[in-house]
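Below: one structure, written as structure tokens.
Owing to the predicted nature of the structure, the values given are computational and were not obtained by experimental measurement.
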Amino acid sequence: MSYLELNYFFLGLALLSLLGAVLARRLDRRRMTAMLAGVFAMLILTAVFDNVMIGSGLFDYSSESLAGPRIGLAPLEDFAYPLGAAILLPSAWLLLEPRPRKDS
């Protein structure tokens, strides 16, 4: 299994959770803006720190399991994990959040 195939599974799970939050009408404009800000921050941090870690020799990837494109030294596949986490965790939180009770 390549990293790209693993990313399809992880991002698919995140998108299903996001779709569930949208369909349950739990994701309003304010929450979507916060989620997008989190996605942006995670991608920037990944770009910076993955390049630093790979450049310093902390780890490397075998080229046969990568799709090929890189952002600096970081393979494109590395960006799927923070993207998925920044989508999955807030949307799962919204789905698990209890609904307010209506007192009659």
Side-chain angles (χ1 to χ4, degrees):
M1 174 179 279
S2 71
Y3 292 117
L4 193 58
E5 292 168 335
L6 184 61
N7 290 341
Y8 288 147
F9 173 76
F10 187 63
L11 288 175
L13 183 64
L15 292 176
L16 280 175
S17 179
L18 179 63
L19 179 64
V22 168
L23 292 176
R25 298 189 186 270
R26 301 262 179 127
L27 192 64
D28 57 12
R29 184 173 296 195
R30 178 181 57 90
R31 289 175 170 165
M32 181 59 111
T33 303
M35 185 183 295
L36 289 174
V39 165
F40 180 73
M42 291 295 290
L43 291 177
I44 295 298
L45 289 169
T46 299
V48 171
F49 289 107
D50 273 16
N51 278 291
V52 168
M53 289 187 294
I54 293 169
S56 66
L58 289 176
F59 61 90
D60 197 13
Y61 295 96
S62 62
S63 59
E64 58 268 355
S65 56
L66 294 175
R70 292 181 180 256
I71 297 176
L73 299 172
L76 191 60
E77 291 93 328
D78 263 6
F79 292 87
Y81 306 116
L83 174 64
I87 294 171
L88 177 65
L89 295 176
S91 57
W93 182 272
L94 291 173
L95 288 171
L96 295 172
E97 184 178 66
R99 290 221 180 246
R101 292 189 313 186
K102 294 181 181 179
D103 294 333
S104 43

For residues 45-59, dump all side-chain donor-acceptor pairs below 3.5 Å to protein atoms at least two apart in sequence or in another chain.
{"unit_1": "Thr46", "atom_1": "OG1", "unit_2": "Met42", "atom_2": "O", "d": "2.7"}
{"unit_1": "Asn51", "atom_1": "OD1", "unit_2": "Leu73", "atom_2": "N", "d": "2.4"}
{"unit_1": "Asn51", "atom_1": "OD1", "unit_2": "Ala74", "atom_2": "N", "d": "3.3"}
{"unit_1": "Asn51", "atom_1": "ND2", "unit_2": "Ala47", "atom_2": "O", "d": "2.5"}
{"unit_1": "Asn51", "atom_1": "ND2", "unit_2": "Ile71", "atom_2": "O", "d": "3.3"}
{"unit_1": "Ser56", "atom_1": "OG", "unit_2": "Val52", "atom_2": "O", "d": "3.1"}
{"unit_1": "Ser56", "atom_1": "OG", "unit_2": "Met53", "atom_2": "O", "d": "3.1"}

Worksheet entry | With sequence neighbours excluded, residues passing side-chain hydrogen bond (donor to acceptor under 3.5 Å, both in side chains) with Tyr8 | none
Fill in: Transitive ILVMFWY side-chain link Val22 to Ile87, under 4.5 Å
yes
Worksheet item: If two hydrophobic side chains count as joined below 4.5 Å and joins carry through other members, does Phe10 share a cluster with Leu83?
Response: no
Practice prompt. Using a 4.5 Å cut-off on heavy atoms from C-beta on, say whether the side chain of Leu18 contacts that of Leu27.
Written response: yes
Discussion item. Going by salt bridge (Lys or Arg N to Asp or Glu O under 4.0 Å), name the pairs with one or both residues in residues 70-81, residues two or more places apart or in two chains.
Written reply: none
Closest approach of [X] and [Y], non-hydrogen atoms and distance?
X: Asn7; Y: Ala80; value: CG-CB, 3.4 Å
X: Leu66; Y: Pro75; value: CD2-CB, 3.8 Å
X: Pro90; Y: Ala85; value: CD-O, 3.8 Å
X: Ala14; Y: Gly84; value: CB-O, 3.6 Å

Below 3.5 Å, can you tabulate the donor-acceptor pairs from side chains in residues 29-37 to any protein atom, sequence neighbours excluded?
{"unit_1": "Arg31", "atom_1": "NH1", "unit_2": "Arg26", "atom_2": "O", "d": "2.9"}
{"unit_1": "Thr33", "atom_1": "OG1", "unit_2": "Arg29", "atom_2": "O", "d": "2.8"}

Discussion item. Listing request: all ring pair (Phe, Tyr, Trp, His ring centres under 6.0 Å) pairs with a residue in residues 65-95, at least two apart in sequence or in separate chains.
Written reply: none
Worksheet item: Which residues pass the ring pair (Phe, Tyr, Trp, His ring centres under 6.0 Å) test with Tyr3, sequence neighbours left out?
Response: Tyr61
Worksheet entry | Distance in Å, Leu16 CG paired with Leu95 CG, rounded so as to fall on 0.5 Å steps | 10.5 Å
Worksheet item: Just by modelled atom types, is the Ala21 backbone N or O under 3.5 Å from a matching donor or acceptor in the Ser91 side chain?
Response: no
